[in-house]
Amino acid sequence: MARKKIREDEEAVIDMTPMLDIVFIMLIFFIVTTSFVKEAGIEVNKPKAAQQTKQKNANIFVAIKDNGEIWLDKGRVDIERVGARIEKLLAEQPTDVVIIQADKDAKHGVVVKVMDAIKEAGSGLRISIAAAKG
């Protein structure tokens, strides 16, 4: 039986193209399926609640501080501009839930005005109030 003689100067080469194709396809998949959350940008002292449920597909958070400041998408917003900012965020990434993170010492009137502005921005939106476990 004749054996093929391998020259010593030839090197074994591994083709990397299929692996790079798979990595590139996985990268595209993860970019497309990633959801970006629009956080309020500040931390508030939420009131405690005995019953609470987690919202799975909430992407927009509105924070209301105890002094009446409203924060949305890591920036302070006037009460008159909340509806327009919500509409802009909904155009960028549609969702059906907006979570309000109101401080436990926030004025009830400010929270109601923010809820009204959210309802005006999107009629099918559900509003959830964030609470601390307790």
Side-chain angles (χ1 to χ4, degrees):
M1 214 189 239
R3 291 195 177 190
K4 202 175 189 183
K5 200 171 194 184
I6 300 175
R7 291 188 283 167
E8 291 180 18
D9 59 339
E10 288 183 14
E11 293 182 21
V13 178
I14 298 174
D15 188 16
M16 299 293 285
T17 306
M19 184 186 72
L20 292 174
D21 289 344
I22 291 173
V23 169
F24 184 67
I25 289 171
M26 287 174 54
L27 178 67
I28 291 172
F29 173 76
F30 288 123
I31 289 173
V32 169
T33 58
T34 301
S35 65
F36 298 98
V37 176
K38 302 289 183 183
E39 294 186 10
I42 60 169
E43 196 66 36
V44 295
N45 294 325
K46 297 177 229 158
K48 296 190 185 308
Q51 298 286 328
Q52 62 178 337
T53 59
K54 289 212 180 236
Q55 297 292 336
K56 293 181 182 169
N57 58 350
N59 296 331
I60 300 174
F61 292 86
V62 179
I64 303 171
K65 292 177 70 173
D66 56 350
N67 61 0
E69 289 183 359
I70 302 165
W71 287 73
L72 180 63
D73 196 20
K74 296 181 182 170
R76 189 168 180 239
V77 180
D78 292 331
I79 188 69
E80 296 84 22
R81 305 236 185 259
V82 170
R85 290 288 296 271
I86 294 286
E87 286 177 1
K88 179 184 170 214
L89 293 173
L90 287 172
E92 291 175 4
Q93 188 171 4
T95 186
D96 60 343
V97 178
V98 175
I99 295 183
I100 296 177
Q101 299 172 322
D103 194 282
K104 65 182 178 181
D105 296 325
K107 301 226 183 279
H108 183 71
V110 176
V111 176
V112 171
K113 286 180 185 177
V114 169
M115 291 173 75
D116 285 342
I118 292 170
K119 281 295 185 183
E120 287 177 13
S123 60
L125 289 174
R126 292 181 299 148
I127 299 173
S128 291
I129 306 291
K133 198 173 196 176

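No experiment lies behind these values; they were computed from the predicted model shown.
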Counting C-beta onward and ignoring hydrogens, is there a side-chain heavy-atom pair between Asp78 and Ile70 closer than 4.5 Å? no

Only one of Ile99, Val98, Ile127 forms a side-chain contact (heavy atoms from CB on, under 4.5 Å) with Val62, so which one is it? Val98

Would you name the heavy atoms of Gln101 and Phe61 that are closest together and state the gap between them? NE2-CD2, 3.6 Å

Nearest atoms (heavy-atom pairs only) where Val110 meets Gly68: CG1-O, 4.1 Å

May I ask you to decide if Glu69's main-chain N or O and Asn67's side chain share a donor-acceptor pair within less than 3.5 Å? yes

Between Ala121 and Gly83, the two heavy atoms sitting closest are CB-O, 3.4 Å

Verdict with reasoning, Ile118 to Ile60, per side-chain contact (heavy atoms from CB on, under 4.5 Å): CA-CA 11 Å; Ile118 292 170; Ile60 300 174; over 6 Å; no

Separation between CG (Leu20) and CZ (Phe24), nearest 0.5 Å, reads 10.5 Å

Roughly how far apart are Lys113 NZ and Glu80 CD, rounded to 0.5 Å? 8.5 Å

Salt bridge or not between Asp103 and Lys65? Use side-chain N to carboxylate O under 4.0 Å. no

With side-chain contact (heavy atoms from CB on, under 4.5 Å) as the test, pick out the partner of Leu72 among Val77, Ile64, Val114. Val77

Side-chain heavy atoms nearer than 4.5 Å, only ILVMFWY residues, links allowed to pass through others: does that put Phe29 and Ile22 together? yes

Measure the NZ-CG distance between Lys88 and Asp73 for me, rounded to the nearest 0.5 Å. 6.5 Å

Supply the atom-to-atom distance Asp21 CG to Ile25 CD1, rounded to the nearest 0.5 angstrom. 6.0 Å

Spacing of CE belonging to Met115 relative to NE2 belonging to His108, to within rounding of 0.5 Å: 8.0 Å

